[in-house]
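Here's the structure, in structure tokens; my notes come after.
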Amino acid sequence: MDQGLHGDVQVERILVYSFLKNCHNCDFSKELDSLRSEVMVSPSKNFLSVEFDDGELQTDGNRSGRFQNGEPGSVVDEAIFQLIGARLAEIGDQVAREIDQRVVNDLVQQFVNENLSKEEIMRRLSNTVEGLMRTVPLEMDREKAMLVLAMVLARTVANKMPSLLHRVFNTTVNYINQNLHNYVINLG
């Protein structure tokens, strides 16, 4: 497992998926549908545990719609994070208008470059978020702004090039997990 990253990214996966699902006029709906089974708790009342890097889902019987977030003794309701993702998507619609398209085009080129490691792509996403934090006027706390900007960038990059959705999704989930995990958990 990558050092410095939490092993369980299920909360972040649901949040980012819900954010992307609430995109109006997006061109990546087919690609997003293919992610659904990797992200959401299955209707067969299974508990999902996501292994961090290999993308394989591990299942064992438990309650439908609930999962543990990696904290001892904690169980999180999937529906809460779906709702939070949808609400953040509304904020993201407004934020997206403030982002210079050259920034997005540059980030698309970074994601297209298959020679870049996962770590390097995440570093570049992080640098882009930090740069936008300095240039885009956002009237919200720092963590919320970082979260919304990261997901808006994911949505915008995926909309420009839907074939990048899986890479963008995983990078964004990992970025949020590494930088904003406690903030996200506290949202629930």
Side-chain angles (χ1 to χ4, degrees), residues 1-2 5-24 26 28-93 95-96 118 122 125 129 140-141 143-159 162 164-188:
M1 181 163 33
D2 291 23
L5 298 178
H6 294 84
D8 184 8
V9 294
Q10 188 65 19
V11 172
E12 289 85 351
R13 292 176 74 81
I14 290 170
L15 189 67
V16 174
Y17 178 86
S18 180
F19 184 93
L20 295 173
K21 185 124 180 86
N22 285 281
C23 176
H24 307 291
C26 284
F28 53 77
S29 61
K30 184 179 80 175
E31 290 81 1
L32 190 61
D33 287 344
S34 73
L35 275 177
R36 189 186 193 303
S37 64
E38 297 175 28
V39 174
M40 300 311 211
V41 173
S42 70
S44 64
K45 300 184 181 345
N46 280 340
F47 169 93
L48 292 184
S49 169
V50 176
E51 289 300 319
F52 192 70
D53 261 325
D54 63 10
E56 287 186 19
L57 298 177
Q58 310 280 321
T59 60
D60 55 342
N62 206 329
R63 296 180 297 258
S64 174
R66 297 174 73 79
F67 57 91
Q68 297 193 349
N69 70 5
E71 314 293 323
S74 63
V75 176
V76 181
D77 190 340
E78 179 180 339
I80 290 172
F81 286 93
Q82 289 176 333
L83 182 61
I84 293 168
R87 287 191 178 154
L88 291 174
E90 293 173 17
I91 296 168
D93 291 342
V95 170
K118 292 177 186 180
M122 190 161 56
L125 174 62
V129 169
M140 60 187 83
D141 63 54
E143 290 87 359
K144 185 175 184 179
M146 289 172 65
L147 179 63
V148 170
L149 284 169
M151 292 192 296
V152 166
L153 287 169
R155 181 175 71 189
T156 308
V157 168
N159 205 38
L164 292 175
L165 179 65
H166 276 76
R167 188 171 194 197
V168 170
F169 177 83
N170 289 325
T171 300
T172 305
V173 165
N174 293 340
Y175 167 81
I176 293 168
N177 182 263
Q178 183 174 3
N179 296 286
L180 301 164
H181 179 75
N182 290 338
Y183 176 77
V184 169
I185 293 299
N186 290 331
L187 287 175

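By the 4.5 Å heavy-atom criterion applied to side chains, E12 and T172 are not counted as neighbours. Side-chain contact between T171 and K118 is absent, with no heavy atoms from C-beta onward closer than 4.5 Å. Side-chain contact between M146 and Y175 is present, with at least one heavy-atom pair separated by less than 4.5 Å.
For the atom pair CG of N174 and NE2 of H181, the computed distance is 12.5 Å after rounding to the nearest 0.5 Å. Separating the OG atom in S34 from the CG atom in L165 is a distance of 7.0 Å, to the nearest 0.5 Å. Taking NZ of K144 as the start and CD1 of I91 as the end, the distance is 4.0 Å to the nearest 0.5 Å. If you take CG on L187 and CG on L83, they are separated by 11.0 Å, rounding to the nearest 0.5 Å. To the nearest 0.5 Å, atom CG of residue L20 and atom CZ of residue F28 are 4.5 Å apart.
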Between side-chain atoms of residues 150-159 and protein atoms elsewhere (two or more places apart, or another chain), which donor-acceptor pairs fall under 3.5 Å?
unit_1: R155; atom_1: NH1; unit_2: D93; atom_2: OD1; d: 3.0
unit_1: R155; atom_1: NH2; unit_2: G92; atom_2: O; d: 3.3
unit_1: R155; atom_1: NH2; unit_2: D93; atom_2: OD1; d: 3.2
unit_1: T156; atom_1: OG1; unit_2: V152; atom_2: O; d: 2.7
unit_1: N159; atom_1: OD1; unit_2: D27; atom_2: N; d: 2.5

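Residues passing the side chain to side chain contact (heavy atoms under 4.5 Å, CB included) test with D33, sequence neighbours excluded: K21.
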Working for side-chain contact (heavy atoms from CB on, under 4.5 Å), residues E90 and N22
CA-CA 8 Å; E90 293 173 17; N22 285 281; over 6 Å; no
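Here the shortest heavy-atom pairing between L35 and F169 reads CD1-CG, 3.6 Å. Annotation for S18 and A86: closest pair OG-N, 3.4 Å, computed over non-hydrogen atoms. Residues F81 and L15 approach most closely at O-CD1, 3.7 Å, considering heavy atoms.
Paired with E143 under the rule side-chain contact (heavy atoms from CB on, under 4.5 Å), one option of N186, N179, L180, V184 passes, and it is L180.
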